[in-house]
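All heavy atoms count here, side chains included; hydrogens, waters and symmetry mates do not. This one's a predicted model, so the numbers in the text were calculated from it and none came from an experiment. Residue numbering restarts at 1 for every chain, and letters A, B, ... go by the order of the sequence lines.
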Amino acid sequence: MLGNHAGFILASYGLSALVIVVLFVWVAVDGRAQRRQLADLEARGIRRRSDRRAEGGPE
Amino acid sequence: MRLIDYANPTRFLSLSAALLPWIVGVTVVLFAVGFYLVFFVAPADYQQGETVKIMYIHVPFSWLSMFCYMTMAASALGTLVWRHPLADVSAKCAAPIGAAFTFLALATGSLWGKPMWGTWWVWDARLTSVLVLFIMYLGLIALQETIEDPARAAKAGAILTLVGVVNIPIIKFSVDWWNTLHQPSSVFRAGGSTIATSMLVPLLVMAVAFTFLFLVFHLMAMRNEILRRRIRAMRMIEAAGVE
Amino acid sequence: MSALTSLFVREMRLATRVGGGALMGALFFLIVVTVVPFGVGPDLNLLARIGPAILWIGALLATLLSLDRLFQADRDDGGLDLVLMGETPLELVVLVKCLAHWTATGLPLVIASPLLAIFMNMEPVAIGATTLTLLVGTPALTFVGAIGAALTVSLRRGGLLLAILVLPLTVPVMIFGVSAATAAVQEPVPFATPFTILAALGLFAMVLGPIAGAAALRHAGD
């Protein structure tokens, strides 16, 4: 179905899929790491200045 | 709502969280339709045979390599002129994605060229311009990685992006001129206006699908970057001992 | 204008004194051109054909490598802050600094190029054409390079990064410079076509370089 240059077609689609999957995994893993660190910091009671102001200043 | 209303990162986070599933859904549907059209509907080219299937991803990649740079240029204007707080996040996150798509444009172009030209690489005007663009992406990423202070890195990157935008048409023109000088006949003519409708429709669907894919990655990366900056600020508060 | 004139004189004095390194660029140029025959072989016909390209690449590298200290020295000794606070437009300051830098390091390259062209076995017409294109083209390289120098001013090792950032932007200058130089001896294009475009690129870089460089310097400060 892909003719006698099937290798090149499959290689280009395969390579594109690979790069896009790597990009996706990288973004997803990075996002998970950031959310974990943020949760960790919040669990230790560290607030951003804007959050503290919203709660009526630092205790 | 004006654009400045999205300047609040918290509002951007909630808005993008609400929008992302929809955009992902549209992307998936577009790719399903696109792949069906490419592999089951689109005809083989009478000259290039089935290798023309590579065009359906190669052309969107080269389109995205430009689109992504234009996104960065718009963000660079936002950083320098309006000092929009999300603009430099947007520019910084678009750079690696743009570099990846530009790399894919080069790689698929090369894979398409091998059966057509008999070599992996020719110094064709189009491929050469894309190669220069790829180097510019890498330079931008290198500049942003080298300057430690995020605000300063963003401004330096924005200036370089805008200088690049001014220069890209000149580079394109000179590479075209240089190419006609050295290779009078170009084999590679994925003809813009001469393309048949049966091929144009799948191509357009694929181009829109990849643009949505870029949007998904860009939004996800921007959310990460906002969180990263938030964590950085919190670490500084922690280190300063303001508790 | 007197402020800019005295800036020019200061830059020239700094460049030509001991440790200024003005002639270092020309020396580097000589070495690049000398190394090429060891790479491609001493075939005189081949060297004559690629001679203009070699001279252009040598000049490009020599210009870029000499540029990394363009603003850094001023930043280190605090002179840059004075200039930023001063009344003279920063764009004009960058322009004058580039002109002084070109006079001190670019002009020696142009003067040396006919001598090096003899090593490359080039014909007299080609030598003249190459020297002329370098005379018009090297200022463009300096102005474009100044953008990179301003962007990397705060980095301790900006030299290599500067070259990476600037080289893609110098592609048009390179193309039309070498084309004009070879067009003088080969038939297909008249010399004037690429040469006038090269001159236009030079004028364009003269506007873009100072504006973008000044913007980068302003943002590097705050």
Side-chain angles (χ1 to χ4, degrees), chain B residues 69 76-77 79-81 83 88 95 99 102 123 125 128-184, chain C residues 53 140 143-180 182-183 186-189 193-194 197-198 200-201 204-205 207-222:
Chain B
Y69 203 92
L77 273 181
T79 305
L80 292 179
V81 179
R83 302 181 182 244
D88 70 60
T102 313
W123 289 93
T128 311
S129 317
V130 176
L131 179 64
V132 175
L133 184 66
F134 183 57
I135 298 171
M136 285 167 72
Y137 270 116
L138 295 187
L140 262 170
I141 297 173
L143 180 68
Q144 282 176 338
E145 294 295 315
T146 320
I147 303 179
E148 277 176 33
D149 178 35
R152 207 175 279 179
K155 283 186 184 135
I159 291 168
L160 185 63
T161 311
L162 290 181
V163 169
V165 162
V166 175
N167 272 286
I168 281 174
I170 302 175
I171 294 174
K172 183 89 181 76
F173 163 74
S174 46
V175 169
D176 283 349
W177 191 86
W178 165 82
N179 195 244
T180 51
L181 196 67
H182 291 277
Q183 292 176 309
Chain C
F143 286 121
V144 173
I147 304 173
L151 284 170
T152 56
V153 67
S154 61
L155 303 175
R156 201 136 296 284
R157 283 190 198 155
L160 200 55
L161 183 61
L162 186 155
I164 294 171
L165 299 183
V166 167
L167 274 174
L169 305 178
T170 57
V171 165
V173 179
M174 182 80 195
I175 286 176
F176 287 105
V178 177
S179 298
T182 42
Q186 288 170 1
E187 273 313 302
V189 225
T193 313
I197 298 178
L198 179 69
L201 287 173
F204 180 68
V207 177
L208 182 71
I211 291 176
L217 285 179
R218 274 198 201 100
H219 287 302
D222 55 280

* **Between CD1 on residue C:I197 and CD1 on residue B:I170, distance to nearest 0.5 Å** => 11.0 Å
* Asked: Which answer fits C:L155, side chain, backbone, both or neither, if we ask what part of it has an atom under 4.5 Å from a heavy atom of chain B?
  -> side chain
* Asked: Got B:F173 and C:P172 here, is their nearest side-chain heavy-atom distance under 4.5 Å?
  -> no
* Would you call C:V171 and B:W178 a side-chain contact if the rule is heavy atoms closer than 4.5 Å? -> no
* Got C:I164 and B:L138 here, is their nearest side-chain heavy-atom distance under 4.5 Å? -> no
* **C:L167 versus chain B, the contacting section by heavy-atom distance below 4.5 Å** => neither
* **Taking every non-hydrogen atom, the tightest pair across B:A142 and C:L161** => CB-CD1, 3.7 Å
* Kindly compute the distance separating OG1 (C:T152) from CG (B:L160), expressed to the nearest 0.5 Å. => 10.5 Å
* Structure fact -> Value for CD1 (B:I135) from CG (C:L165), rounded to nearest 0.5 Å, stands at 12.0 Å
* For C:V178, all residues meeting side chain to side chain contact (heavy atoms under 4.5 Å, CB included), sequence neighbours excluded -> C:A53, C:W56, C:M174
* Engaged part of B:L133 at the chain C interface, taking heavy atoms whose separation is under 4.5 Å -> neither
* Structure fact -> Bottom line for B:I159: the part with an atom under 4.5 Å from chain C's heavy atoms is side chain
* Contact origin within C:I211 toward chain B - heavy atom pairs under 4.5 Å -> neither
* Over all atoms of both residues, closest heavy-atom pair of B:R152 and C:H219 -> CG-O, 4.0 Å
* **Which of B:V166, B:L143, B:V163, B:V132 touches chain C most, by non-hydrogen pairs under 4.5 Å** => B:L143
* Asked: Can you tell if the side chain of C:L208 reaches within under 4.5 Å of the side chain of B:N167, non-hydrogen atoms only?
  -> yes
* Not counting sequence neighbours, which residues clear ring pair (Phe, Tyr, Trp, His ring centres under 6.0 Å) with B:Y137? List them please. => B:Y69
